[in-house]
Amino acid sequence: MNPADQASEQERIARAKAGDAEAWGELYHQYAPAIFRFCRRAMPTREDAEDATMDIFIKIRQKLSQYDSSRPFGAWLYTVAANHCWDLLRRRKGRQDLESGEIENMPLEHPDPGQLEQLIEQRTSQEVRRALDQLPSRARMALVLRYYADMSYDEVAATLGVRRAFVGVVLLRARHQLRDILGGRGAMAGGAT
Amino acid sequence: MIHFDEMACLLYLEGQLEPLRAREMALHLGECATCRILLHALERESTVLTAALTEDNEAMPARLLSARGWNVPSWVWTFAFGAFAAGAYWLWADTVDPWLQQLSNAGFGGTDFVSLLFFSGAFWEGWSSMIHVLQIAALVIVAIMAIGLLRRRFRRPTAIAAMMSAMALALMLAQPAAATEIRRDESVLVPATEVIHTDLIVSGASVRVDGTVEGDLIAFTGMLIVTGHVTGDVIAFAGQMRMEGTVDGNIRVMSHTVAIDGAVGKNITYIGNSLDLTEKAQVGGSLITINGDADLDGHIHRDLLGMIRRTHLDGGIGGQMWLRGRNLTIGPTGEIGGPATFRGPRRPIVASGAKLASPLHIEMQEETRRLLFEAIQVTVNEIVGFGAALLLGVLLITVVPGFFHATLRETGRIGLPIGVGAVALLTGVFLLILGILLIFVGVGAGVAGVLGYAPILYVAQVFVGTWLGNKILGEAFNPTSAVIGRIALGLLILHVAGLIPVLGGLMWLTVGLWGTGAVLLGFYRMSRPEALPLPA
C-alpha cells in the first residue's frame, strides 16, 4: 500500500471510529473478502466461516476505538479474526485436538527429501486445500496463521496459547499430518537423521 | 556426516534460528547436498501451502456481499411490526375481546371492569393520584423507549441517570390513597350506632360491621359479618363471610364460605368453596363465581355466570344463566328469566314447578367420552402446534437466515437468554397491567405495547427446539434440510414432553423464557447499526 493509500485508509478508520457509517461500510467492503477467506481456511465449513466473518466484523466495530493506528490495520484485523476463530474452535466439543500438552513428546519421522519434493509437485492447490480441511483444528489454524495471515511466531503463539518455542513444532507437526493425508500415512518416512 | 534435523531446517528457513546456530547451518548447507535438498523441499512446501491458502477460489457469499451500508435493516422493522400486529390482533381477537364480551353480557360493561379488578374499590378516593402515577409511569416507558432508540447519542450513565430521575419523580409525585380509615385489631367491631364517612380498611381475626360505612369496606379477616350498611363495595379476603345487611355496591370476595342473607345493590364476584344465597338475599346485578357448592335460594336480578361443581337453584335469575359443573338441580321454586346453558357430565335435574323462560340448553359430556375427546383434542392440538412451529422455523431459516443463526447462537448461551426472557416477562406483565389501567382511563393505545410479546413467545420454541436438535444430532448449518431436520426433532421432543402433566408446563415456561430472551437478543444483534450485513 503506497503512502497515499495508507493516509486514505487511516482517514477512513478515523471517520469510522467517529461513527461514520459510510466509512465503516467502505472498510467492511475492503476487508470482508480477505477475512472471509481467512475464516474459510480456518473454520471447518463455509457456513461457519460466514457466521464467523459476521461476528468478527461486529467485534471489530466494537473494538475499533482500541485500534492502535501505528500498527497496520490488516494485521490487527487478522489478529481479531484469528482469536475469534480459535475461540470458536476451542469451544466446540469433540473437535479438540490431541496435541495440547503432548507436543513435546510427539515423535516426528524424518522425511525423505526426494519423496517430499515429488509429493509436493504432484498435488494441486485444490488437493492441498482438501487435505487442509481434514486437519485437526490446531494444525489447520497454525498453518493458516503462518502461511495465510503471515503472522510471526510470537503472534501464532499468542493466538494458539502455546509457548513461542513450540510454534515450530506445531507447524512441523501440521506439515507432517498434511503430508500423511496427501500421500498416505508413512509414505514420507524413512530418511536419515 | 551428521545432518541437521527437519525442525532445524524449518526454523532456519523461517528465520527463527539463533544467529550462531543459523551460521552453523549456513556453513553446513554449503557442504551437505542432503540437507540442501530437504531445505529446498520445505521451502517449496511453504510456497505450495501459501498458494493453496491464498488462492481466491471461492466467491464471497451473497449475504456478506450485500451489506447495504450499516443502517438498521428495514426487514427487521418490517418483521417486528408484522409480528407485533399479528400478535396484537390474535391476542385481542382470541382473548381480550371474548372476555370483555362475556363480561359485558354478564352486566360488567365499561368501567365496571376496573372495579371487577378491585382497583376502583380499593383506591377510589386516591384514584386521581393513581392516574397521575400511571401517566408518569407511561412517560417513563416512553422515555425508556426513546433512550433505546437514541442510545447512540447517550452514554450509558446518562441513560441510567435519566431513568432513575424519572422514576424518582414518579415516586415523589405518587400520593397514597387519601380519606381512608384503617382499623386493625384482634377483633374489630363497628357498632350499629357508628357511621364511618369514608372507606374502611380493616383487618383482624374477626370483623363485624353493624354500623354504616359510607364508602368501601375492605377486609382481611378470618370471619367477616356485615349486618349494617355499606354504601360502596365490599372487598374481602376472609375465611368465612356472612352478609345480613345491605351493600349498595359490589361484593368481591375470596373466602372459604360465604352466606348472603341481605341485599346487594350491584354484582357479586366470589371465588371459594361454598356459597349460600338465602331466600332473603337480593342481588341487583349479576353473580360471577368459581366455587364448589352453591345453594342459590335468593334472587339474582341479572345473570349467573359460574363454574360450580354442585349447584342447587331454588331462587330466581332475572337474566341468563351459563353454568359449568358436575351437578345442577333446579328446584320447584327455581326461575330463570333468560336463556340457560349447563355444561357437565351429568344431566341436570329440573323440578316440574321450575319456571324457565326457554328450555335449558344442555351440553352433556360423558366422563370417558369427555376424557377421550380431550385426549384427541390435546393430541391434535400438539400435532397442529408442532406443524405450525416447524413451518415457522422453515420460514425463518429460509427468509431470514441471518436472524435465525444469530438468534440460535444467543440460544446457545442458555443463561443470558433465560435471564433476558425473565426480565421481558416481568416487564410484559407490568405493561399489561398498565395497559389495562390505561384503557379504562381513556388511553386505549396503552395496551398495544404488550401485545408484541405473544408472537415472540410463539417463536421461542423454534430456537430452543433447534438448539435441542443440534445437541442431539450435532450442529449443522448446511444444507438447510439438515437444519430443518434438527428443528423438527427438537420441536417433536418439546411437544411430546409438553404432554407430561406439571413437568410439561414447567418445561414450556422455561422454553418460553429461554427462547424469548434469545429472540430479543437476536433482534438486538440484528438491529444494531454496527451489527450484521443483510442476508441476500
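Bear in mind that the values here come from a model prediction, so they are computed numbers and not experimental data. Labels below follow one simple rule: chain letters A, B, ... track the order of the sequence lines, proteins then strands, and each chain is numbered from 1.
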- Query: Quick one: CD on B:Glu14 to OH on A:Tyr147, what's the gap to the nearest 0.5 Å?
  - Reply: 3.5 Å
- Portion of B:Gln16 that has a non-hydrogen atom of chain A nearer than 4.5 angstrom: side chain
- I would like to know whether B:His405 and A:Glu47 meet side-chain hydrogen bond (donor to acceptor under 3.5 Å, both in side chains); could you show each step before the answer? CA-CA 10 Å; B:His405 287 301; A:Glu47 288 68 32; over 6 Å; no
- Would you indicate whether B:Lys471, at its atom NZ, is surrounded by more than 12 heavy atoms from other residues, nucleotides or ligands within a distance under 6.0 Å? no
- Rounded to the nearest 0.5 Å, what's the gap from CG on A:Leu178 to CD on B:Glu45? Could you check? 7.0 Å
- Quick one: pull up CZ in A:Arg146 and CG in B:Leu53 and give me the separation to the nearest 0.5 Å. 12.5 Å
- Query: What pair of heavy atoms forms the shortest contact from B:Thr54 to A:Tyr148, and how long is it?
  - Reply: CG2-CD1, 3.5 Å
- In Å and rounded to the nearest 0.5 Å, what is the CE to CG distance from B:Met7 to A:Leu171? 7.5 Å
- Message: Tell me the closest heavy-atom pair linking A:Gly168 and B:Leu10, and the distance in Å.
- Response: O-CD2, 4.0 Å
- Please step through side-chain contact (heavy atoms from CB on, under 4.5 Å) for the pair B:Leu42 and A:Arg175, ending with a clear verdict. CA-CA 9 Å; B:Leu42 287 172; A:Arg175 283 179 182 234; 3.7 Å; yes
- Proximal component of A:Ile60, with respect to chain B [non-hydrogen, under 4.5 Å]: neither
- With a 4.5 angstrom heavy-atom cut-off, could you sort out which part of A:Arg130 is near chain B: side chain, backbone, both or neither? neither
- Using the side-chain contact (heavy atoms from CB on, under 4.5 Å) rule, take B:Leu49 and A:Leu132 through it: C-alpha gap first, then chi angles, then the decisive distance, then the call. CA-CA 9 Å; B:Leu49 263 173; A:Leu132 278 165; 4.2 Å; yes
- Query: So does B:Glu6 pair up with A:Arg173, basic N to acidic O under 4.0 Å?
  - Reply: no
